[in-house]
Amino acid sequence: MDYDLLIVLIPTLPLAGFLVTAAIGRRLGKRAHWIPVGAVIASWAIAMVVVVAAVTGAEPFGEHGHGVALWNWIPAGSFSVQAGFFVDNLAAVLLIVVTTIGMLVHVYSIGYMAHDPGYWRFFAYLNLFMFSMLLLVLGDSWLVVFVAWELVGLCSYLLIGFWYRRTSAALASKKAFIVNRVGDVGFALGIIAIFINTGTLDIRESIGLLVEGAASLPIPIWIVALLVLAGAVGKSAQFPLHVWLPDAMEGPTPVSALIHAATMVNAGVYLVARANLIFASAPEVMAIVAVIGIFTAILAASIAMTQVDIKRVLAYSTLSQLGYMFAALGVGAWTAAIFHLMTHGFFKGLLFLGSGSVIHAVHEEQDMRRMGGLRKKIPQTYWTMLIGAIAISGIPPLAGFFSKDEILGEAFKLGFTWVWAIGIFVAILTAFYMFRLIGLTFWGESRVDPAVEPKIHESPAVMTIPLWLLAIPSVVLGVVLTWPGPPLGPVMGESGVGALTRWLEPVFAEGLELLGHAESEFALFGIDGALLAASIAVAVGGMVAAWRLFGVEIGPFRGRHRPEAVRALTARVPFLYRASANKWWFDDLYHLLFMVVGGRIAAAAWWFDRNVVDGIVNGIGALTRRTGSGLARVQTGRVQNYALGIAIGLIVMAGSYFVIAGR
Amino acid sequence: MGLADSLDFYLVVAGALFAIGTFGFLARRNAISMLMSIELMLNAVNLSIVAFGAFIPSLQGDGAVIALMVIAVAAAEATVGLAIVIAIYRNAKTPLVDEYDHMRR
Amino acid sequence: MRAWLYLIAAAIAGGIIATPALLLFVLGGSADDTLLGSLVVLMLVSGLAVVTMKDIIRCGLAMIVCFLALAGIYVILGAPMVAAAQVLVYTGAISVLILFAIMLTQSKAAPARLVFQTQAVPAAIASIILTVLISLAVIGTGWNDLDHRAKTGTEALAAVLFDQYVLPFEVVSVLLLAAVIGGVFLAKREDVREDAAI
Amino acid sequence: MTWSDLVTIGPFAAAVVLAAAVLVVDLIRPGARGPVLAVSLVGLAVIALLTLQTGSTTATAFDGAYTVDALTTFLDLLFIAIVAMTIVFAPDYLLPRGLPLAEFAVVLLFALTGAMLISASADLLVLFIGLELMVLPGYMLAGYHKGDGYSTEGAIKYFLLGSFSSAIFLFGLAFVWGLTGTTRISEVSDALSVLAAGASVSPGLALGLGFMSTGVAFKIAAVPFHYWTPDAYQGSPTPVTGYLSVGPKIGAFALILRLFVEALGPLRADWVQIVIVLAVLTMTLGNLVALTQTNVKRMLAYSSIAHTGYMLVGLAAFAAGRLEGLEGLLYYGAAYSFMNLGAFAVISALQKRAGVTSNLETFAGLGRREPWLAILMTLFLLSLTGIPPTAGFFAKAYVILAAVQASQDGASALGTLAVLAVLNAAAAAFYYLRVVVYMFMREPQSEQPALVHGRLLWSGLIAATVLTILLGVFPGPLLDIVGEAAR
Amino acid sequence: MAGLPILSLVTFLPLLGAIVVGLLPARYARSAGLAAALATWVVSLVLAAGFSASATGFSFVEEQSWIPAFGIEYKLGVDGLSLALVVLTTTLMWISILASFAPIQTRIKEYMISFLILEVGMIGVFLALDTFLFYIFWEVVLIPMYLIIGIWGGANRIYATIKFVLYTLVGSLLMLVAILATAFAFQAGHGGDWTGAFDFEVLRQYAATAGFGDSLQLLAFAAFFLAFAIKIPMFPFHTWLPDAHVEAPTAGSVILAGVLLKLGAYGFIRFSLSLYPDAAHTYAPAIIILSLIAIIYGAIVALVQPDLKKLVAYSSVSHMGFVTLGIFVFQEQGLQGAILQMVNHGLITGALFLLVGVIYERTHDRTISKMGGLAGLTPVYASVLGFFVFASAGLPGLSGFVGEFLALVGAFAANPWFAAVAAFVMILGAGYLLWMFQRVATGEPSAFLLGLGHRLTDMTPVEVLTLAPLAALVVIFGLLPGILLDLIRGSVGTSLADVGTGQAIAIDPVLVVIGLGIVVAAVVIRLITLRSGGPAVETPALAEPAS
């Protein structure tokens, strides 16, 4: 089987879908979705074939993957960029997430966007995004990755601002792009630094050269690592560049699910994992990664507690989960990070699509204070979202539990106790705000606008089916990927560890050596057991706390929403409450710094341009003319004055001749 | 030796006359006075030329000839000048040159 | 009554001219020196009169005096031909021409008004400086001259004129012709359309 | 005087005869302009041929008072061209104002004789008389529109100051005679080289130099002896202005070539410094004041002052030891004559309708009313600015090249001069282009019917245009000529 | 193509066209002008087809003695660099002539003639191999543009056009002095023989072997620099540009930004580097600093422009900063990036000016604050605008990116801080472009636009036709920059060989301090004057002010 062709097809199909739809979509009207959706499904199928081949190490992939060279993109002398794709197990794992969720979101959108005038445009953009994201995953040259990096940014811009008539959407999209650009600058410089250091832009080759020559590089490797990290931080919305993601919720919900939960925001994590060797050879930067990650995690979680917009809660939860992943990357638990990336991709995608279904049901209402009691009205959405919530809260045996616990466990075992401690605390918050969300949305009595109340209805199958399809992995994925023994073991090949670990082993082995991380044996009745218990405990704790305040209606558990208690609680910690509600004032701070002050500076520069730079130019002109008119005064029109002038000239002339002759 | 035999004397006198003419030209307002001043200057020059002719060996005779030429030239100038004066007097109705200042700057 | 004034004026003038002459004579200068001295004084004084006197007609007359004195000096310088030409051309032609022009252009108002330009003082200073400059230059220069004046006889003159200077001599005639033609055109009254535009 | 003498001065004599002939023609057929034009133009052509014929060989006549060499030929031809063009441009302006053409032509031809005499004179007395013969007609021409206050005012200013400067010049000349004891240029320079070889220049000589420089500087309208120029140019009838701005100027430069370059050649080191100073003052003041003018004739007067400055740059470069300077000067003279005459021809064409001023407003919307005139005017102005590919550009480049060379020979002042020259050129662009602005970018205040211009005028304009472009695009031939003339 | 003087043909074909236009009655002016431009375009394409990238030195050289007295020749020749720019010129030329069909209604004949003569000058500049000839073409460019701005320009056109001409003249005239000085230095070095004193190739050889004297190099380079820096324009010689752009008619702006600004950069690469290598190295750090200032400063100032054209104009200053930066780091990538940036800037900025023109045709207004919601009213226009906005913001995959990135690589090699500062513009650029796009295209339609009613139509087919080729090229050069890179490889190699590859440049921190000092001073002064009521400037908004 010609894998090269297949690999090339994976991204090109969506691209073709985009081009065709962009060209003729307008005329297709309501049928516009067929081509894009078809393209994505096809590319999913192919991707799966490739993935299986890759993870089973079939030829030509083998241990370390297989590359496809296309054309020499930039043949600038020594600086030559080979456009090409590369699939190894890491890429394969990402392929699973991207194509699967992408496909489901496409299907879901058929229903969700059904009544939107920009129907065709939406699908075109989605396809373009799929292409860019797949390019990002598959690119084998830093510059190709950078291209994809910017393209996904573009798509994000286009999709956030999809409803361009809404100024808020336009502003949000612009904010997203520019904030991302901040990170991209770092990334670009990092790429250049890599080129200066190694003279190549091929990812594997350059990393190899960097690591072996780490001691003697023109540009120290930690700088390279930092610059690359900047890109990752921007794309994955980590502190301090986290401000764009919540606003990005202005986009249609499928977009939030696909781009801002499941795929694009993971690019940062993917990038760091790709460059794990670079980071491994710059331990201090690793520490920074960990700090950034865990800080973002707690920051976002704290904000999520008080948000009332259902999508913003999810957005902040995404931030905080990404924070987990970065923390994992920081401590060197790369496999765990990728693991969480996968599971989170699925259940967060599920949650977002669910919230979309809710919003759809209550007619574009996003404020949870005007929801409640929807459990009966939209049961399928309710159940799927409940699954998602449990998954993210880390209740075994759902997916979230495994991945999150692995991160925390690894952190603890690798000696990053502080990361673990904070992580545990964040876990409480996570469970809390998730069930706050569930409670406010589905349980208790309805607070929905009476006018809308009667019209509430469950979403069509085209939307609910994807929900269920996402719910399944949210439940089982954790087990599947970590289960060592039968029945899964044989399928995935025998060995003590879970499938994912084994897949990623070739990718991360070298890095782990560099870090000196030994693969510790799993001890259920030892340290791991304790950690397990701890995570479960905090998850349950958070859940219960939420139930006490916001009510619960699962089988035996019954409780009702107690606003007064909530008010009492917030009254107890007024500062924390306001801080959380105002997102710790980051937006205001940035607005002051960059918009107000920056605007002033720009205005000053312009003033300088008009009055100083141009002023000098015009000044010279004016001066010349004034001198001219001054000299013109000599021309009095009276002969005698002229004659006197001549006489004086004569005297001076004769005098100067005397002087000259005298010498 | 006496004054009559010193070239310098004649030249200084010529210079003085020339200066007088210059003064007149600069100071008088009447067109014709200015004309006369110029004549004075030309005569000053003539004086010096003739003096040279008398004292510089190689200019023996030449001086006189040159002087004659200069006289002729002066005559020509005077003719033209007076003609112009008359012409402008017809237009401006005044012989005072410093009132012909319609063109300036 | 006026006649008296003229007489007094003449007396003063004569005195001015006579004194230096007498002085020279007393100091034992040659006859030439004496004559020259008085002529020079006469010339300069009348020259000054030309540029300073109020009534322009008198200026004209003073100019004639000045030119005659100059002619005298020419004679002393041994250039009788030039002297003759001087008398003929200047006193004969140019001065008369100028006097006519004066007659033609004297509007009654003119003499009444200020004679001197406002810049008379700077003019005076300038001309004084000029005199000084010239004198210095003259005195500072060693002229490779004989200490006696050479007389130029008529035939010598003619020889030079028609040998070396034949071309200028002829050209001068052209010059005069041109001057006459132009002068006539400009001076003759015609009714040409007034056109204030430039 | 011998027959060979007559042959040698043939062109000059012919010019005199022509002047007389035109006079006679006018006596026979008073006021008829056809014959006058025919006679004078044909005559000029004949003279040109004569000049070429005699100019082929260098010869001297009147025992060294008159000499014909390549320089003479070049200058004479230039003068003849200038006069011919002036005569061609004149009728359209004179006739509507009831001014006779015959006297105009005659006087102009006398001026021509004077200029030719200058260019050929090997004797300082001849030089002086030639100068007078050139400028006296100039005075008359300036006042030619005798009924017009401005014309006569310009004339009397020109005349008074002119004769004042002549007197000064002559005084200086007298001193030179006295010191060298001769009037023959060659002998003068020999005597001076002896003097210069010896101790420092004697005060008398210095005085003479001073007076002569002043006189000459006045004739070429160099600052600070330029005062007469704006008034005389503005006042004179436009065709006359055109002539005055080139004829006497080139003549005066011819005088400089004969007097300073040849006779006073040995004293170069002394007068070059004066020339440099004059050049700077002249360029700068001319341009700066021109910036503020609203009357195009007056503006062009100031611009002509500036151009004098550029030519002086060439002279300075020559004095600093670069023959290219002299070539540049001659080239500049030729180029300048044609473009400037062209520009003034356009103005006088516009003033065909009596009462039309030469203020900028006259040019408003000319691009609409008379596109061809406007385009030609633009060409001449661009050439005056020095925009390639026009004669003006190449001329400027030439003198600047000479200056640069001289500066690299060590006369560093010349380098500064070159830079100043180009900066001046840039400033000059402002006022030249302002006319273009009026012609193409402003609407006319009053919509007047377009004038019909004589075929003669057009032919003259075309000639000027062709020359202006040719000298810019194919400078080769003229370069050889000036190269020949310069040595 | 043997024997056929194709370079002269491509150079003077427009002149022929101009004459034809002049002779034909005015109603044919449009079609004749377009025909001439298209013909020239075709010829230039034929030339490109016949050109072999592998050829070293110049191809199709035409040599004809012109002014033997000074060894001045009529010499044309083409190499990769000039070929690229010539084709860019011919392409933009017919596009802008096509784009002026509707807008230009008065004196269409003169308009076409000016444009065609302008084309002669521009092509000539790129092809001339004789410094004197080069100068002549250089000046020939001036006058038509002067007329184009002055006659068909906006309200304040006369001020703008005079400023443009005078500013340019000051520089170019000094360049003339430098050219003559160089020629003479050569002649003096060859025993007074003028032969080849203006021949670029000979001079190059001389510079490479004997080399010109230091003082001459320093002075001549300075003179050339002034001329080119004004044309590009580099900070602080840029202030004529906004005025000229704002007043010029659309097509004028297109050519101005698309080609005229390139003349300066071309001059740097062709003449300054090859003839005065030592001086180039001496001046390089200063020039790099100026370029960096231009890059950042231009972007910052663009941020607050209330007028669409001014915004694009200042963005040109910023973009051209990359060109000079790339040139003067003397690195292969830098130079390649600079050249790519020249071409791409020509395409993208040209397109942006066309787009501004399109909207101006309908609204007769360019004030950003009056726009809004065009995406809803004129979707095609909005999307095309968006496309070029992102192209200009250097989105990878479009042509703008490659040039900038290569320039950055070169700069990084010289000194990482250069790249760091320059890369900062990725943010600012996105800032002013997206902010502009957001204010113009998104949100609810503004009252002003709604007031236009049916007059606010979407793009006409002709307008699409003018922009489609540019968009296509932007994509092609974005995906296959190799086309250009292969073309210019030879030129880049020679220029670098002449000037010598640059070493890492250390910048004296004092300079940096001074620079920052100036900026701070400006800000302070501004803030002071702000209190005394300076003109209110719209400050950008990333997000709605936080609640």
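All chains are named by letter (A, B, ...) in the order of the sequence lines, taking the proteins before the strands, and each is independently numbered beginning at 1. Side-chain atoms are counted along with the backbone in the values below, which use heavy atoms only and exclude waters and symmetry mates. None of these values were measured; they are calculated from a predicted model.
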Where on D/Leu170 is there a heavy atom nearer than 4.5 Å to chain B: the side chain, the backbone, both, or neither?
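Contact with chain B: backbone and side chain both.
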Turns out that what part of D/Leu161 lies under 4.5 Å from chain B's heavy atoms comes down to both
Top contributor to chain B interface from D/Leu133, D/Leu173, D/Val289, D/Leu125 [non-hydrogen pairs under 4.5 Å]
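Looking at each of D/Leu133, D/Leu173, D/Val289, D/Leu125 in turn, D/Leu125 comes out on top.
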What part of B/Val65 gets closer than 4.5 Å to chain D, counting heavy atoms only: side chain, backbone, both or neither?
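No part of it gets close to chain D.
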Identify which of B/Val85, B/Ile49, B/Val80 forms the greatest number of heavy-atom pairs closer than 4.5 Å to chain D.
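Ranked by heavy-atom pairs under 4.5 Å with chain D, first place is B/Val80.
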Please identify, among B/Gly81, B/Ala87, B/Ala83, the residue contributing the most non-hydrogen atom pairs under 4.5 Å to chain D.
B/Gly81
Distance col, row D/Ile156:CD1 vs B/Ile84:CD1, nearest 0.5 angstrom, shows 6.5 Å
Using distance alone, with no hydrogens and no angle check, list the donor-acceptor pairs under 3.5 Å between chain B and chain D.
| unit_1 | atom_1 | unit_2 | atom_2 | d |
| --- | --- | --- | --- | --- |
| B/Ser58 | OG | D/Gly181 | O | 2.7 |
| B/Asn91 | ND2 | D/Lys146 | O | 2.8 |
| B/Asn91 | ND2 | D/Thr152 | OG1 | 3.0 |
| B/Tyr100 | O | D/Lys157 | NZ | 3.2 |
| B/His102 | N | D/Glu153 | OE1 | 3.4 |
| B/His102 | N | D/Glu153 | OE2 | 3.0 |
| B/Met103 | N | D/Glu153 | OE2 | 3.3 |
| B/Met103 | O | D/Lys157 | NZ | 3.4 |
| B/Arg104 | O | D/Arg298 | NE | 3.4 |
| B/Arg104 | O | D/Arg298 | NH2 | 3.2 |
| B/Arg105 | O | D/Arg298 | NE | 2.4 |
| B/Arg105 | O | D/Arg298 | NH2 | 2.8 |

Is D/Phe159 close to B/Leu35 at the side-chain level, that is, under 4.5 Å between some pair of heavy atoms?
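When only atoms from C-beta onward are counted, D/Phe159 and B/Leu35 do touch, with a gap below 4.5 Å.
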Test item: D/Phe164 and B/Met41 side chains (from C-beta on) under 4.5 Å apart, heavy atoms:
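Side chain of D/Phe164 against side chain of B/Met41, heavy atoms only: contact under 4.5 Å found.
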According to salt bridge (Lys or Arg N to Asp or Glu O under 4.0 Å), does anything in residues 10-23 of chain B pair up with another residue at least two apart or in another chain? List the pairs.
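Those involving residues 10-23 of chain B do not exist here.
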Apply side-chain contact (heavy atoms from CB on, under 4.5 Å) to B/Leu68 and list each qualifying residue two or more places apart in sequence or on a separate chain.
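Applying side-chain contact (heavy atoms from CB on, under 4.5 Å) to B/Leu68 gives C/Ala85, C/Leu157.
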Can you name the nearest heavy-atom pair linking B/Val45 to D/Ala174, along with the distance?
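Smallest heavy-atom distance, with atoms named: CG1-CB, 4.3 Å.
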